[in-house]
Each structure stands twice: as C-alpha cells, then as structure tokens.
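Please read the structure below before turning to the comments.
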Number of protein chains: 2
Amino acid sequence: MSEPRLNNHQPRQADYPKAAVDVLIFSIRDLGLKIVLIKMKKPPFAGVWTLPGGLVRLNESIDQAAVRELEEKTGLKNVYLEQLYTFGDVKRDPLSRVISVAYFALINSEGISLQTTPKYSAIDWFNVKELPTLVYDHSEMLKVALQRLRAKLQYTNVVYNLLPPTFTLGELRRIYEIMLDCQLDKRNFCKKFLSLGLLKSTDLRREGPHRPAQLWSFKQRTPTIVEIL
Amino acid sequence: MSEPRLNNHQPRQADYPKAAVDVLIFSIRDLGLKIVLIKMKKPPFAGVWTLPGGLVRLNESIDQAAVRELEEKTGLKNVYLEQLYTFGDVKRDPLSRVISVAYFALINSEGISLQTTPKYSAIDWFNVKELPTLVYDHSEMLKVALQRLRAKLQYTNVVYNLLPPTFTLGELRRIYEIMLDCQLDKRNFCKKFLSLGLLKSTDLRREGPHRPAQLWSFKQRTPTIVEIL
DNA sequence: TCAAAAGTGTTCGGCGTACACCCATGC
DNA sequence: GCATGGGTGTACGCCGAACACTTTTGA
C-alpha cells in the first residue's frame, strides 16, 4: 500500500488529502422544509453560511466524527445520521485539500434549540427553497441530499423521524406534500398509508373549529423498507 | 476549520486519517457474477486477495483516483465508475488509519485481459459466491455493492454495461436471473423489457441447433432511470 | 350558521403475474 | 426426427388514480 511520494514542497500533513464530515439536518418547520446552517466568523469566509462539519480525527470512525461534529457545532444529540455521499474534488475547498463525507438526518425540531460554538457567529434554520450562498460545494451536497430524501420517503418509513410521537393523518400527509412538493389525494393517501400497517391509533385530538382528529403513532420507530407511495 | 491537535506521538502525516479508494469491478462470466481481485505480495498480507485500490493523491479528485488506481492495478480503462459508499472505521485497516471510498462498475469482460503491477502477485476473476478471504473490510464492501447493484438493475438501465453491443433477449434475461438469483418468466420479461422502448432490433443470429435469435442493442448507452422489473 | 379540517367508498384502467405451445435450426 | 433455445398471447386480480360529500367542532 505504500505510494509514490509527491515532492515534499508542502507543509506537514499536507502530503495527502484530509478527510472531513459535513452534516445536513432537515426538519419541517412552518410548513416548509428547513435545514440547519451556521455562520462563519473567520476570514476569508467571515459572514458566509456553511453546513456543520469538520475534520475527522485519528481515533474516531467517520460515523463518530459526524456525530461529534454535529453536537459540537449545533448542540444536537441522539440524531440518527445516515451517510449520503463523499465529495472529493480537488478544488472543493479552495484553501486546502479536503475530502468530505456528507451525512444527513431528519429530525422533529419542536422545542429543540440550536447552539453553536464561539467559532461561529450564528446558527439557524433555512428553508431549502430560500438558501443563502453556501461555502465550498455545500449547495451540491444539499441537492444530492434532497434527491435521496425524496427517494427514501417513498420506499422507507424514514418519515417517522420528522414527526412527534403522535400526529394526525393530515399532518403526515402535509409532510409528504412539503417534501415531495406536490399535492396528494387525501383519501388515497390515508387508504395507502393505513394499509401498510405501520401505524396504531391512539387518542383523539380536539382543537380548533373543526371535527376532532384521530391521533396515530408509529408501531415501530426503526428503519424499514416499505413501498409507501 | 483548524482543529485541536492530538498529541504528536505519531510519525509524519499520521495526525489525520488518509483517504483511499477501492474499486469493485463486476462482470458476468461463465453464467456467474464475478469480481476482480488482486493478490498481495508484501507481508503482513502476502498471499491474501484484495480489491484494487490505493491512496488518494493531493492533485486528483477521488473520482480520478479511482480511475487511476483501477488502471494501474488491473489495466482496465474507460470504465464508468460509480461511487458506492465510504468506509471509515478506525480499525478497518489494522496497520494505519485509512478511510476508503468504494467505487463500483459493471463491465462486459469478453476479450478483456487483466494485468496488475509487479507489486501484486496475481489478478483474477472470482465468483461472488465463492470468494477467498479478503483483507480489511472488503467483504463488507462487496456486500454493500451487491445490494446496490441488485437495486439499480431494477430501476435503471445499468445492465447495458454488462452486455456486448448486440445480444438476444435470452442473454439479457439470463443476466437478470444471475444478478437477482431468481428465475424470470420468459414471456413477461420480454414483454416488459421491450415495452420500455430502450432497445432496437438489429440482425438475426443463427447459431446452434435452434431457431435463429433476434439481436437487439440499446438505443442509448447512457445512465437512465426507468422502472424495469 | 358558518368556517375549518376530518373522515370516508366506488369506479375504472393498467399493469404485473401466471401459464403452454409452436418455430427454426443443426446434427 | 430430435434436441435445443427462440418466440409469442390471454385471462385474472390487484393496486393506483380520480373523484365529492358528510361530520364535528369553535366561534
């Protein structure tokens, strides 16, 4: 596995690319699909928004690095991350040679607050349709993530990650409509989703000037492959 | 992006993990699904089989690294590689900390010969059902690749990579049967595949003691998403 | 009584699946 | 003439798609 050396004209640790992780956290908020970004403080990228992420260390797996970076830079814990894709163009980071493994997750962000480190000047949710300019190839990462997300919604039960413990079929359908950016027929959606047998009914919710809604919860909150739509 | 330093107890270039690529080349040969492996020469892995691969260099993208490593270690050129998954457990390589981006491709290997470098003692095709012991986490990579391959056969036209320019519907079906490890109904398969409109008929092939077969070719040999089975 | 969201059934067409026999050829 | 793979059509059932009205409540 020893490789031909390049000329030693680079500083320490620069003879090979470094590895990093970047994390895309999605959630449904205010009837839109949002993502967590943090704002950089140091030149040359001061004021620019970026995905939370950082270099992989020697003593941690890349999965662990993603979890650690997510917690350090956003405060989010216990999030189930899934590997998305690895980005390795030579110039993706103009300042140094970094290969980045992107991870993503869906979360329910009700009552959750974000907190970044002093190294960044802000952290916030952004609607994926109205994003600021992002550093590096982070827009590309988002594009890939959205594709994958939409695909996974249709053949897995990942949607449970976005939902609170109980919810109405209307809320469930609204999530699909937001994520897939389309309208879904109410009757067909309910019929199909209930026929999958993933849900169990719980209470009734009476609120607002309309008929009370049946509340449902997922029988199992574990990743499963199912043909949903 | 500067990171806390670990203790400087490691040699040069070991303060961060290195990045590598590994390549899984699949082909149908002798009615079986085969993969290219090379045999290691140097201790401590002398005599053990491995996937072709190696470290990513500073001045190349990871995609380019995969292409370069594939050519260097197998002689294969002009292969369309697709990124599979990135493997980054701390102990996946017991000797050094390496994160590996796996790539895969399907090729038609008729009339193609393999040739590795003097650093390896052999190169050969192996049936994926009768593999020797592999180094590192290469068996895991194969497992992931097979899953992905089977999935992609069903919703894309990737199969064209396995086929010669012209082929019979029987040959096409046989490939699906081998890859999916199941029997497919001849009439339904033909009906479905032809209805996709991906093929155009060319000549007749008369050979062997049976009715001549219609030969087909793909109208386009470019990646396309289609619901096939 | 009005506005708002919840809940519910039927019809139709298309597609996947199961299934069996004749065809053209080389030997 | 026989063995070998090539080629073809129909019937049925299920599922996805389209589509509208009634229910319950709060204000």
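Below, chain A is the first sequence line, B the second, and so on; all start at residue 1.
- Atoms CZ (A:R205) and P (D:dG26) sit 14 Å apart, rounded to a whole Å.
- Residue pairs satisfying the salt bridge (Lys or Arg N to Asp or Glu O under 4.0 Å) criterion with at least one member in residues 124-140 of chain B, sequence neighbours excluded, are listed as follows: B:R92-B:D137, B:K129-B:D181.
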Report all side-chain donor-acceptor pairs from residues 212-226 of chain A shorter than 3.5 Å, counting only partners two or more places apart or in another chain.
{"residue": "A:K219", "atom": "NZ", "partner": "A:G197", "partner atom": "O", "Å": "3.1"}
{"residue": "A:Q220", "atom": "OE1", "partner": "A:T222", "partner atom": "OG1", "Å": "3.3"}
{"residue": "A:R221", "atom": "NH1", "partner": "A:Y160", "partner atom": "O", "Å": "2.9"}
{"residue": "A:R221", "atom": "NH2", "partner": "A:L163", "partner atom": "O", "Å": "3.3"}
{"residue": "A:R221", "atom": "NH2", "partner": "A:P164", "partner atom": "O", "Å": "2.9"}
{"residue": "A:T224", "atom": "OG1", "partner": "A:N157", "partner atom": "ND2", "Å": "3.2"}
{"residue": "A:T224", "atom": "OG1", "partner": "A:T222", "partner atom": "O", "Å": "3.0"}

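- Taking five base pairs at each end of the helix from C:dT1-D:dA27 to C:dC27-D:dG1, the local helix axes there meet at an angle of 10°, rounded to 10°.
- Using a 4.5 Å heavy-atom threshold, the side chains of A:L76 and A:L114 count as touching.
- Of the two residues near DNA chain D, A:N188 and A:E207, the one whose nearest nucleotide lies more 5' is A:N188.
- The nearest heavy atom of DNA chain C to A:R187 and to A:P212 marks one nucleotide each, and the one closer to the 5' end goes with A:P212.
- From the 5' end on, the contacts that DNA chain C makes with chain A at under 4.0 Å to a non-hydrogen atom open and close at C:dA3 to C:dT10.
- Separating the CG atom of A:L194 from the P atom of D:dC15 is a distance of 15 Å, rounded to the nearest angstrom.
- Contact record, B:E227 with B:L196: O-CD2, 3.6 Å, taken as the closest heavy-atom pair.
- The distance between atom CD of A:Q154 and atom C1' of D:dG16, rounded to the nearest whole Å, is 13 Å.
- Distance from the side chain of A:P209 is smallest to D:dT25 among D:dT25, D:dG7, D:dG16.
- Applying the side-chain hydrogen bond (donor to acceptor under 3.5 Å, both in side chains) rule to B:D185 yields the partners B:N188; only residues at least two apart in sequence or on another chain are considered.
- In this structure the side chain of A:V128 reaches within 4.5 angstrom of the side chain of A:F26, judged on heavy atoms.
- Within a heavy-atom distance below 4.0 Å of DNA chain C, the residues of residues 163-185 of chain B found are B:D185.
- Of all the heavy atoms in A:W125 and A:K34, the pair that sits closest is CE3-CB, 3.7 Å.
- One side chain, A:T86 or B:T86, offers a donor N or O that lies under 3.5 Å from an acceptor on the other.
- Checked by distance alone, B:K186 brings a side-chain donor or acceptor within 3.5 Å of a matching partner on the base of D:dG6.
- When heavy atoms are screened at a 4.0 angstrom cut-off, B:K192 is found touching the sugar-phosphate backbone but no base atom.
- The phosphate of D:dG5 (OP1 or OP2) has no side-chain N or O of B:R211 nearer than 4.0 angstrom.
- Side-chain N or O atoms of B:R148 include one that pairs as donor or acceptor with a backbone N or O of B:L84 at under 3.5 Å.
- At a cut-off of 3.5 Å, with distance as the only test, a side-chain donor of B:S109 or B:R29 sits close to an acceptor on the other residue.
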| request: Could you go through the side-chain contact (heavy atoms from CB on, under 4.5 Å) check for B:L149 and B:F104 one step at a time? | output: CA-CA 9 Å; B:L149 222 51; B:F104 74 99; 3.3 Å; yes
